[in-house]
Each structure stands twice: as structure tokens, then as C-alpha cells.
Amino acid sequence: MYAWPQKLLRRRSSNARFAELIHPHIRQLYRMAFRWTGNREEAEDLVQDVLASLLTRSVALEKIQRLGPWLIKVLYHRYVDLYRRRRSSPIDEEVDWETVASGTPEKGLSSQVEMQRILLQALSKLEVNWRDTVLLHDVEGYSLLEVADILGISVGTVKSRLHRAHKKLKKLLNEGTISEGHPC
């Protein structure tokens, strides 16, 4: 008997298992990649690059208890590695935030898009580290511990950055608010 059909069958079942593990996280990976790159094609390339590097590691992926945060951490580090050469900072200061706002997968009613645009403009004025922390914690819903792990910083630093970022966002959003009171 030939051994190669056995190897082929194992490879196919491994790829199916990989797809099963990764599929629930694809949208979130793309969303974060898009927020970091500000460009659809670059975000797709970044996610594809990460997934291609993990394709043969489905057995190891099965052992990871919280796969979502771990994948975002891998994505973030890959982003930093790929874009460090082109930028002085891992997050592009020149991202067109209006494009990001209009291109997000959750595009909804025009008032929601307008509110999102205003928030993204305020986010663009934050320091890069603060923006990363807010995006991961407040937008994506990661816990303080997960954000600390993803960014490779202490929980105290995450708390400090969130506090300062929230304070700055409040100031920026109050400055841009129309004087008429609109209930949220």
C-alpha cells in the first residue's frame, strides 16, 4: 500500500479542523486589521498572512483556551512586524478615519455612521497607544488582562491609558458637540 493517501487524508482533516477553529474569529480579525491599517486590501492581506502562518498548527490552536484574544495578539504583532519598516509607529497616524468609518462591516443608519465618523475623528487625535487600548477594550470588548497580554504591557498601564484616553475623548467629543441637547 501507498502511504501518500494517508498523509493526504490527514492534511485534509487538519485543514478542515483549522477552518472550524478559525472561522468564528475571522470577522473580528479583519475588523481589527482594518482599524489598524485603514485599508481593505492591506487588512485582508494581513489577516491572510496570519492565517497562512497558522495553517499547519491546528493541533496547537486546539490547546489554546481563549483563541480569540490569542489570534488578535498574533495579528497585532504581525502588523507591527510588517509595518514597522514603513512607519515610525506601528499604528499609522495618517489613517483616513472617514474611510475607516464608512468601510466598517457594521455600517448602519446614517445617524449611526455620522456618530461613528465623529468618534473615529476623536480617536484619531488620541496618542497611538491610547487608541490601541481603547479599540481593543472598549470597541472589541477584550478584558483588561487580555488587552495587557495583546499589547505586551501591564494591567496598570492599560488602566492608566484607558483613563487618560476616556478623559481626552470626553473633552474632544464635548468640544465637537452641537449646543442643542440631544438625548442618546
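Heads up: numbering here begins at 1 and tracks the sequence.
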Closest heavy-atom pair and its distance - [X], [Y]:
X      : Y      : result
Val134 : Ala165 : CG2-CB, 3.4 Å
Leu61  : Leu21  : CB-CD1, 3.9 Å
Ser143 : Glu146 : N-OE1, 2.9 Å
Tyr79  : Trp36  : OH-O, 3.1 Å

With a 4.5 Å cut-off on side-chain heavy atoms, are [Y] and [X] touching?
X      : Y      : answer
Ile150 : Trp70  : no
Leu145 : Val155 : yes
Leu136 : Met32  : yes
Ile26  : Leu51  : yes
Asp138 : Leu162 : yes
Arg35  : Glu140 : yes
Leu82  : Glu42  : no
Leu135 : Leu123 : yes

Between atom [atom1] of [X] and atom [atom2] of [Y], what is the distance when rounded to the nearest 0.5 Å?
X     : Y     : atom1 : atom2 : answer
Ile22 : Leu67 : CD1   : CG    : 5.0 Å
Tyr30 : Arg27 : OH    : CZ    : 10.5 Å
Arg78 : Asp49 : CZ    : CG    : 4.0 Å
Arg31 : Leu75 : CZ    : CG    : 12.0 Å
Glu20 : Ser58 : CD    : OG    : 10.5 Å
Ile72 : Gln28 : CD1   : CD    : 4.5 Å

#### Entry: Polar side chain donor-acceptor pair, Ser160 to Arg164, under 3.5 angstrom
yes

### Message
Could you check whether atom NE2 of His163 has more than 12 heavy atoms from other residues, nucleotides or ligands sitting under 6.0 Å from it?
### Response
no

### Message
How about CD on Gln48, more than 12 heavy atoms from neighbouring residues, nucleotides or ligands closer than 6.0 Å, or not?
### Response
no

Sidechain-backbone polar pair: [X] side chain, [Y] backbone, donor-acceptor under 3.5 Å:
X      : Y      : answer
Arg161 : Thr133 : no
Asn174 : Lys170 : yes
Thr37  : Ala33  : yes

#### Entry: Working for side chain to side chain contact (heavy atoms under 4.5 Å, CB included), residues Val158 and Leu151
CA-CA 9 Å; Val158 172; Leu151 298 177; 5.5 Å; no

### Test log, rule salt bridge (charged side-chain N to carboxylate O under 4.0 Å, His left out), inputs Glu127 and Lys168
CA-CA 10 Å; Glu127 289 183 26; Lys168 174 91 177 201; over 6 Å; no

